[in-house]
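Each chain gets a letter, A, B and so on, in the order its sequence line appears, and its residues count up from 1. The figures that follow rest on heavy atoms only: side chains count, while hydrogens, waters and symmetry mates do not.
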Amino acid sequence: MSDGRASPGLRELRLEIEEFNSAYAAVLDAGKIEEWPHFFTEDAIYRITGRENADAGLPVGLVYCEGMSMLRDRALAIAKTTMFAPRYLLHLMSNVRVLSSSTSGVINATANYALFETLVDEKTILQQVGRYHDRFVRGAAGLLLKERICVYDSLIIDTALVFPV
Amino acid sequence: MSDGRASPGLRELRLEIEEFNSAYAAVLDAGKIEEWPHFFTEDAIYRITGRENADAGLPVGLVYCEGMSMLRDRALAIAKTTMFAPRYLLHLMSNVRVLSSSTSGVINATANYALFETLVDEKTILQQVGRYHDRFVRGAAGLLLKERICVYDSLIIDTALVFPV
Amino acid sequence: MSDGRASPGLRELRLEIEEFNSAYAAVLDAGKIEEWPHFFTEDAIYRITGRENADAGLPVGLVYCEGMSMLRDRALAIAKTTMFAPRYLLHLMSNVRVLSSSTSGVINATANYALFETLVDEKTILQQVGRYHDRFVRGAAGLLLKERICVYDSLIIDTALVFPV
Amino acid sequence: MRDGVPEKPNEMATDLRWPAEGLSRIPDWVYTSEAIYRREIERIFHGFTWNFVALEAELPEPGSFKRSFLGPTPVVVTRDREGVIHVVENRCAHRGAELCRAALGKATELICPYHQWTYDLAGNLAAVPFRRGVQNQGGMPNDFRLEEHGLRKLKVATRGGVVFASFASGMESFEDYVGSEILRDFDATFDGRTLTVLGYYRNTIPANWKMYHENLKDPYHATLLHAFLVNFGLLVAGNKSAMVVDASGRHGTMASAKPPDGPNVDSAAKKEMRAFSANLRLNEPRFLDYVREFDSPWSVTMQTIWPNFIVQRELNTLGVRQIVPRGPHEFLMIWTMFGYEGDSEEMTRHRLRQGNLMGPAGFLGIEDNEAMRFVQQGMDRSRPAQSLVALGGREEGTTEHIITEAAIRSLYRHYRELMDL
Amino acid sequence: MRDGVPEKPNEMATDLRWPAEGLSRIPDWVYTSEAIYRREIERIFHGFTWNFVALEAELPEPGSFKRSFLGPTPVVVTRDREGVIHVVENRCAHRGAELCRAALGKATELICPYHQWTYDLAGNLAAVPFRRGVQNQGGMPNDFRLEEHGLRKLKVATRGGVVFASFASGMESFEDYVGSEILRDFDATFDGRTLTVLGYYRNTIPANWKMYHENLKDPYHATLLHAFLVNFGLLVAGNKSAMVVDASGRHGTMASAKPPDGPNVDSAAKKEMRAFSANLRLNEPRFLDYVREFDSPWSVTMQTIWPNFIVQRELNTLGVRQIVPRGPHEFLMIWTMFGYEGDSEEMTRHRLRQGNLMGPAGFLGIEDNEAMRFVQQGMDRSRPAQSLVALGGREEGTTEHIITEAAIRSLYRHYRELMDL
Amino acid sequence: MRDGVPEKPNEMATDLRWPAEGLSRIPDWVYTSEAIYRREIERIFHGFTWNFVALEAELPEPGSFKRSFLGPTPVVVTRDREGVIHVVENRCAHRGAELCRAALGKATELICPYHQWTYDLAGNLAAVPFRRGVQNQGGMPNDFRLEEHGLRKLKVATRGGVVFASFASGMESFEDYVGSEILRDFDATFDGRTLTVLGYYRNTIPANWKMYHENLKDPYHATLLHAFLVNFGLLVAGNKSAMVVDASGRHGTMASAKPPDGPNVDSAAKKEMRAFSANLRLNEPRFLDYVREFDSPWSVTMQTIWPNFIVQRELNTLGVRQIVPRGPHEFLMIWTMFGYEGDSEEMTRHRLRQGNLMGPAGFLGIEDNEAMRFVQQGMDRSRPAQSLVALGGREEGTTEHIITEAAIRSLYRHYRELMDL
Ligand code: FES
Ligand code: FES
Ligand code: FES
Ligand SMILES: [Fe+3]
Ligand SMILES: [Fe+3]
Ligand SMILES: [Fe+3]
């Protein structure tokens with residue numbers, strides 16, 4: 001339908017993506033950043049950018065990774081070299097939509113998310129809300145992200161966004 | 001069961017409503033308010049009201065639309081005549097429950113939502129949390145809302161609620 | 001898969017748990033605390049504790065119930081003896097994950113939640129975000145909680161956590 | 001509030017001297033200074049004013065009570081066994097707890113949760129648990145008199161089902177306070193029919209509370225800001241209208257008559273109003289119909305009754321609004337929408353449909369709230385300056401036309417006297 | 001905090017003069033004034049007081065450290081290689097960074113993340129990277145002495161596994177500070193058994209920090225606010241109880257003995273206690289059992305050790321509470337719940353089950369926190385006034401009955417002296 | 001901000017006297033005092049300074065506009081029909097509304113939404129609706145002159161496609177303001193090629209705005225805090241580098257040259273740098289490649305142009321940063337990342353990949369933002385004190401080595417003069 005409601009045919013995919021996203025959230029919320037690249041293909045694109053950039057077609061990324069080795073380097077740097085205060089993170093993801101599933105096996109989907117951050121001795125803050133714009137492909141072990149662009153509404157980051165979203 | 005857990009028979013409906021709600025959220029979050037009436041029947045009721053009013057049976061609505069032409073007028077006024085500062089909106093919807101599906105084809109359901117608003121140069125705020133009280137019917141193209149009452153807990157609106165919820 | 005994505009075999013369970021959680025949320029959000037014990041087995045464990053305690057293996061609970069009679073006493077005390085200001089509560093739950101389903105019929109699952117609290121004449125606050133760590137079993141009427149540990153990130157409670165989560 | 005209000009440069013430096021130009025200027029600091037705000041609470045809200053606290057319809061029976069505010073100060077409005085209405089401060093005489101927590105309710109007495117001191121519905125202290133101690137130990141001293149420790153009682157005035165209160169003693173009557181001109185339109189709305197509450201809206205506005213008065217004493221903005229009014233013929237510069245001001249300058253009635261034969265915008269006016277666009281049409285124009293029901297030449301009256309009360313009679317959608325200030329930079333608005341006993345179901349729904357015009361999601365309400373936010377941000381974040389109130393030259397008081405700021409000047413003449421500014 | 005606290009009218013006007021009635025009144029401004037708050041930090045928390053900072057059990061081994069607070073001021077508690085406990089201010093001597101970020105941990109030294117200046121566990125500056133520069137360029141001047149730039153060190157006192165600190169030098173011993181009467185009940189809880197930490201609670205209360213002391217020096221509220229205690233026979237006016245106050249008036253022990261044979265509410269008391277309702281029954285009353293384990297006539301003692309420490313011995317559920325003030329309108333409570341080494345698993349679970357009484361979700365804890373919020377709102381939002389502290393007449397000091405506010409008066413006698421009020 | 005900043009004890013007591021040790025000490029109150037902050041706004045941001053407001057590339061065509069800030073004060077930057085750039089205060093001359101709401105856009109005039117007063121792109125008042133009233137009633141007085149009521153206009157300077165503004169009249173040229181040394185590296189980045197905006201980052205930092213300058217005048221931290229730089233050979237103590245300071249002391253350029261042959265850490269330096277760990281290897285080291293494109297001996301220059309501007313040339317990833325202060329405890333950073341017209345797609349992607357180093361999620365950016373937060377918390381929450389700025393002894397001005405705080409001392413020499421401290 002014009003307003004893009006999913007055909008039942010795509011429902012199974014939607015449910016599978018929900019499970020993928022929940023596993024993805026669990027890894028990040030547990031701080032297991034070195035497992036995070038497992039969710040991506042070798043040639044994956046990963047980018048976090050503000051809605052102002054996305055709307056204007058500006059290419060910059062708060063985080064900008066082209067391919068597995070850059071994903072691994074991001075994980076390595078955060079895990080091994082970067083100094084930051086300890087924190088808890090928690091994601092809420094909802095409203096997964098499958099926009100299309102091409103014969104080439106590429107699945108376009110989106111989901112909304114909220115990221116909550118809690119620092120020692122401070123109240124939980126809403127670090128950002130945004131939307132994932134995803135392209136999935138099917139690997140041996142299930143879905144993998146060929147592309148995830150995280151577009152956040154909360155243009156003003158509070159201090160630092162340490163981990164991927 | 002007395003505590004209203006859905007029978008498996010209603011599961012398909014629940015999944016369909018989730019997809020409906022995600023499409024609904026996508027239209028509003030994209031600011032495409034003139035597409036918003038497409039989600040309703042010709043005779044639809046749409047109302048946004050505080051939990052204090054709902055609990056007391058008071059009929060008032062922050063937004064109060066009876067039928068498609070009032071839905072269209074609301075969309076028209078916001079799109080064409082109303083002055084307000086630019087903003088981003090994002091919905092998180094969850095906990096969809098199908099309460100009943102009558103032989104007459106009317107489906108009663110609820111869902112919880114949070115609405116996040118971001119103004120230029122300001123931090124994202126939680127504009128409101130609430131619950132949809134819905135009555136769906138099935139149209140040619142899928143489900144349509146015969147009634148959506150948005151009951152918000154956040155009785156104190158921050159400045160203005162510009163778009164429908 | 002190593003990153004714990006659910007096998008399709010567990011999908012039905014995931015959907016059933018989502019419905020369970022939505023019914024659970026509906027009861028608490030409606031303030032029907034005396035119905036809340038219905039979601040548990042006779043020998044159920046219910047505990048709310050901060051992530052700092054869970055990570056350190058410390059057993060304390062903000063709320064600590066062993067078995068149905070303690071669940072009932074908690075409900076009784078809050079409903080009948082405890083003084084607190086009137087409030088609205090609303091839960092958003094998402095990212096349900098089924099971790100395992102043993103032959104013994106015990107289902108291990110988790111879900112993320114956000115709890116929003118609104119007091120009279122005050123703005124809605126995020127009271128806490130956290131994760132449920134659940135063990136379900138199947139009763140006559142469907143799933144029941146044999147154990148629910150609510151682990152919250154928001155270590156600093158605002159004033160008081162009156163109702164179970 | 002959203003982000004913390006940035007510090008206003010130089011504010012502390014400001015010596016609070018009014019600009020030499022007089023009433024044609026308003027200095028930023030009346031909207032931004034904490035010192036001015038505190039003086040306003042003392043001299044205005046806690047001073048010789050009648051403040052809206054409730055509608056009688058919200059207290060239908062003996063024992064009904066309502067949490068309310070007088071300025072920023074929490075009060076409780078009650079109806080006692082005899083049906084008499086009382087207003088008391090919401091603060092226990094013992095350790096000071098804000099004892100009444102529910103927005104509305106029914107009770108036979110007011111009980112403080114902390115130590116259960118108990119007050120009757122008039123605020124008199126009725127009981128102190130263990131006042132005589134236990135086993136002859138402890139308790140209140142013998143010279144303790146219940147009657148000396150009640151809740152602080154306020155003066156009460158009612159008219160047409162509307163309840164006002166004052167901390168001041170020796171207040172003039174409400175009728176003298178508002179004056180006959182304001183009273184006429186007040187009585188047109190509160191015409192003796194019993195009110196039925198249709199529901200509530202609540203919203204904050206990140207602006208100084210006085211801006212709400214100014215907005216409703218500024219007929220000029222209506223025909224420019226509110227494209228909806230203009231395009232759908234509810235108000236056009238040149239229509240019959242008036243901005244009524246009472247003798248004291250503090251109260252006002254913005255009145256207009258809906259042109260019977262739809263929009264009638266002369267081309268001269270059109271070109272002044274960017275908002276006007278000829279080709280907009282409503283699908284459901286009937287929701288703007290005006291059903292005559294009031295003894296008044298006006299189809300719309302918006303009354304500002306100083307310092308915290310607004311009466312909205314917008315065609316057939318009716319409401320009262322209460323201003324609750326929260327510091328210089330924010331106030332809370334509480335809207336009580338109502339109809340009349342005996343309204344047909346269709347009439348009630350007509351009022352509700354028309355409600356889309358007003359409130360924090362109303363076609364007009366959104367615009368006013370946004371505009372006030374913009375003005376406060378200007379005051380808070382720009383270099384210190386003053387605003388210009390020169391429309392209509394030096395004229396003050398009531399005017400029959402809308403291209404004027406006369407009523408705002410009248411308000412500030414009163415304000416400056418009251419505030420010694 | 002939730003919404004910004006509305007400006008207190010007249011506060012600036014207040015001349016901070018204590019009411020003529022003396023100790024039977026407490027003026028609002030001790031709970032609302034920023035100036036008073038700052039004076040409290042200087043004279044009380046940073047003055048001649050012993051402040052709780054940790055339990056030794058939280059620092060099990062050499063190298064253990066804990067982030068803590070003394071008043072609002074961040075400190076680090078460490079145990080050095082020799083097992084000696086140190087308390088240092090959590091502020092780097094270089095550019096002032098709050099260097100320790102983790103709540104608890106183990107380390108061989110304290111390293112500031114910004115430029116990696118390194119301190120030993122006693123707070124001595126051990127290393128400054130590139131102190132001699134590079135290739136004979138830069139570095140610290142030759143007259144720079146590491147020993148002059150350590151972390152600020154605090155005085156430390158420990159007793160029974162509890163660690164206290166003070167910014168003041170020349171402090172009297174902890175034992176002299178609290179006095180023998182308070183020490184008796186302190187020692188009954190900390191009786192030489194090794195403590196085992198069972199976990200933490202943390203919560204803010206939107207109220208002035210002193211209210212927490214007052215609440216625990218106010219036995220009157222317990223039998224009125226806490227319906228749970230009353231209905232299930234844990235405390236009833238008339239039971240054996242005492243409110244102990246030390247010679248200085250600042251410390252206290254609220255003590256009561258659980259009636260052996262369940263509830264025993266004389267009908268006189270009943271009618272005073274609205275909370276009492278005869279027909280409530282617990283499904284699992286055993287969780288309220290008291291297992292005798294302490295050398296004390298009391299089954300419950302709540303100790304308030306000025307200015308930031310509470311010891312909870314509620315039947316068999318045990319905890320210490322630390323008050324961290326955050327301005328006049330809010331404080332943070334940090335609860336450390338514990339048992340003893342050698343507790344059977346069943347005993348541990350008994351303590352945990354009984355834990356449902358206390359904490360920010362406890363049957364009693366919820367009520368106290370809510371009540372304090374109500375009182376602060378009363379102070380913040382009402383017209384300026386004072387609260388009434390007249391129960392028990394003018395008596396001060398220790399009392400054997402609970403219908404009295406004697407201990408609150410004793411506290412304020414001490415406070416007024418300390419604060420020159 | 002996160003939680004409300006706790007009151008700094010003694011702050012009011014502070015008499016704002018600079019420590020006797022002079023420039024080797026900085027007192028906490030320059031980072032925490034509201035009074036100091038207000039003076040900074042007046043004397044620095046609103047005083048004789050050139051402040052960054054936009055890149056010309058953000059205003060590509062006639063009619064382009066951008067919302068911006070000068071200090072905390074909202075301004076609008078416009079390009080008029082003739083292509084001339086104007087900067088005006090974002091405050092309507094009528095009632096003071098902050099009229100421009102969009103971050104960026106195109107317009108033929110600036111229209112205030114409240115009453116539609118209309119300004120041309122230079123800020124001149126062009127039209128007042130119903131200025132002559134309606135039917136000869138109302139309107140502005142005859143002596144009202146449009147030209148007396150425009151938007152407040154600022155002075156404008158541009159160089160190399162960068163736009164600066166000042167509230168002060170009689171400003172020296174931008175070139176004289178920054179001086180030749182700073183200008184050299186400025187021109188190396190803005191070398192005449194047309195800029196293309198690649199996107200924006202925005203973040204708050206809960207710290208005083210001056211810390212951002214100090215961080216970029218502190219080469220010492222780079223080799224200690226930034227393990228990434230050290231481990232992957234971008235900067236190591238001993239590499240060729242310089243900290244350039246202009247004659248006035250307020251501007252600076254932190255410059256370094258990437259060692260051609262990868263990391264080359266002498267063992268002496270290694271043991272000073274805990275950050276160094278020999279066995280870390282990047283999977284994609286090429287993203288750190290430096291493609292020579294600038295007429296400069298330096299591969300990295302970070303320029304701090306007083307008071308609100310930073311130019312980042314980090315290898316090939318380029319950006320400008322604008323500081324928007326929001327009180328003493330927080331500031332907003334607005335990052336505009338850019339490349340050059342004619343960049344190949346691969347070069348653009350190289351810049352984007354290298355962008356992972358900087359910004360609020362950058363490998364280095366995270367660390368600087370966290371460090372500044374730690375320092376402000378130290379200032380806000382510890383007992384009042386001062387920080388130590390003694391590296392490099394008393395030397396000031398430009399240095400060729402990095403183990404020094406000379407540039408920070410130079411800045412504060414200038415600051416103290418400007419602020420009379
Ligand atoms: S505070 Fe109200 S009864 Fe004690
Ligand atoms: S601030 Fe601690 S080492 Fe520099
Ligand atoms: S405030 Fe700008 S036109 Fe009136
Ligand atoms: Fe208006
Ligand atoms: Fe208590
Ligand atoms: Fe750095």
(message) Please check: side-chain N/O of Tyr220(F) versus main-chain N/O of Pro129(E), any donor-acceptor pairing under 3.5 Å?
(response)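 Checked: pair present.
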Interatomic distance, [X] atom [atom1] to [Y] atom [atom2] [nearest 0.5 angstrom]:
| X | Y | atom1 | atom2 | answer |
| --- | --- | --- | --- | --- |
| Met140(E) | Thr404(F) | CE | OG1 | 10.5 Å |
| Arg381(F) | Arg326(E) | CZ | CZ | 7.5 Å |
| Leu388(F) | Trp117(E) | CG | CH2 | 4.5 Å |
| Glu400(F) | Gln137(E) | CD | CD | 8.0 Å |

(message) So which residue, Cys92(E), Pro141(E), Gly139(E), ends up with the most heavy-atom pairs under 4.5 Å with chain F?
(response) Gly139(E)
(message) Quick check on Arg81(E): does its CZ atom have over 12 non-hydrogen neighbours (other residues, nucleotides or ligands) under 6.0 Å away?
(response)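 Counting other residues, nucleotides and ligands, CZ of Arg81(E) stays at 12 neighbours or fewer.
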(request) For atom CZ of Arg413(F), decide whether the heavy atoms of other residues, nucleotides or ligands shown that lie under 6.0 angstrom number more than 12. (result) no
(request) Name the region of Gln386(F), side chain, backbone, both or neither, that has any atom closer than 4.5 Å to a heavy atom of chain E. (result) backbone
(request) Measure Asp218(F) against the heavy atoms of chain E and call it side chain, backbone, both or neither at under 4.5 Å. (result) side chain
(request) State, with a plain yes or no, whether a side-chain heavy atom of Arg91(E) is found less than 4.5 Å away from one of Met379(F). (result)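 Result yes, sub-4.5 Å side-chain heavy-atom pair found.
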Which region of [X], side chain (C-beta onward) or backbone (N, CA, C, O), has a non-hydrogen atom less than 4.5 Å from a non-hydrogen atom of chain F, or is it both or neither?
| X | answer |
| --- | --- |
| Leu70(E) | neither |
| Thr118(E) | side chain |
| Phe45(E) | neither |
| Val128(E) | both |

(request) List the atom of Asn215(F), the atom of Tyr114(E), and the distance in Å for their closest heavy-atom pair. (result) ND2-OH, 2.9 Å
(message) Using every non-hydrogen atom in the two residues, find where Phe130(E) and Leu224(F) come nearest and quote the distance to one decimal.
(response) CE1-CD2, 3.9 Å
(message) Quick check on the interface: out of Glu405(F), Arg394(F), Met372(F), Met211(F), who has the most heavy-atom pairs with chain E under 4.5 Å?
(response) Glu405(F)
(message) Under a 4.5 Å cutoff for heavy-atom pairs, which residue among Gly392(F), Ser24(F), Ala390(F) has the most contacts with chain E?
(response)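 Winner by heavy-atom pair count: Ala390(F).
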(request) Select all residues of residues 93-103 of chain E having any heavy atom within less than 4.5 Å of some heavy atom of chain F, and report them by number, or 'none'. (result) Ala93(E), His94(E), Arg95(E), Gly96(E), Ala97(E), Glu98(E), Arg101(E)
